[in-house]
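Read through the structure below, which is laid out as structure tokens, and then see the notes.
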Amino acid sequence: MAALRTADLDGMPLGDAFRLLPECPQPLVKSAVLHLLWSGHVTTALDRPLSAAHVLRRAA
């Protein structure tokens with residue numbers, strides 16, 4: 001989680017963020033990225049169902 005919080009996710013597609021830490025199990029990275037989204041550390045447009053193409057933005 002700490003590695004993802006310090007990573008520059010701004011402008012990164014969600015699918016790329018899921019693969020950001022190849023040394024960690026992908027399900028754990030995916031759940032951590034979704035946690036950052038859910039808790040408001042990053043945002044994305046939620047006008048359609050989430051996909052790998054959604055672009056993450058740093059929360060204001």
Side-chain angles (χ1 to χ4, degrees):
M1 183 67 81
L4 287 171
R5 281 193 180 147
T6 60
D8 185 15
L9 299 175
D10 191 46
M12 184 178 292
L14 189 57
D16 290 354
F18 290 160
R19 294 184 297 275
L20 192 60
L21 302 173
E23 68 278 4
C24 297
Q26 189 176 13
L28 292 178
V29 177
K30 184 175 181 178
S31 65
V33 171
L34 293 174
H35 171 76
L36 292 176
L37 183 61
W38 179 258
S39 61
H41 290 282
V42 294
T43 62
T44 193
L46 296 174
D47 56 342
R48 63 188 195 280
L50 282 177
S51 73
H54 272 76
V55 176
L56 298 173
R57 295 289 174 204
R58 186 177 307 117

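Note that the structure is predicted; figures quoted are calculated from it, not measured.
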Reported CG-to-CZ distance for the pair Leu36 and Arg58, which is rounded to 0.5 angstrom: 13.0 Å
Should Val33 and Leu50 be counted in the same cluster of Ile, Leu, Val, Met, Phe, Trp and Tyr side chains packed under 4.5 Å apart? yes
Atom of Ala59, atom of Gly40 and distance for their closest heavy-atom approach: CB-O, 2.9 Å
About how many Å separate CG of Leu4 and NE2 of His35, when rounded to the nearest 0.5 Å? 10.5 Å
What is the minimum heavy-atom distance between Val29 and Ala17, and which atoms define it? CG1-O, 3.7 Å
Taking all non-hydrogen atoms of both residues, which atom of Leu14 and which atom of Ser51 are closest, and how far apart? CD2-O, 3.5 Å
Distance col, row Met1:CE vs Ser31:OG, nearest 0.5 angstrom, shows 7.0 Å
d(Leu37 CG, Leu46 CG) to nearest 0.5 Å is 6.5 Å
If two hydrophobic side chains count as joined below 4.5 Å and joins carry through other members, does Leu9 share a cluster with Val55? no
Can you list the residues that meet the side-chain contact (heavy atoms from CB on, under 4.5 Å) rule with Asp47, with sequence neighbours excluded? Ala45
Would you say the side chain of Val42 lies within less than 4.5 Å of the side chain of Met12, judging by non-hydrogen atoms? no
Scan for side-chain hydrogen bond (donor to acceptor under 3.5 Å, both in side chains) pairs involving residues 19-30, sequence neighbours excluded, and state none if there are none. Asp16-Arg19
Using 0.5 Å steps for rounding, measure from the CG atom of Leu56 to the CG atom of Asp10. 8.5 Å
If the condition is side-chain contact (heavy atoms from CB on, under 4.5 Å), which residues does Thr6 pass it with, not counting sequence neighbours? none
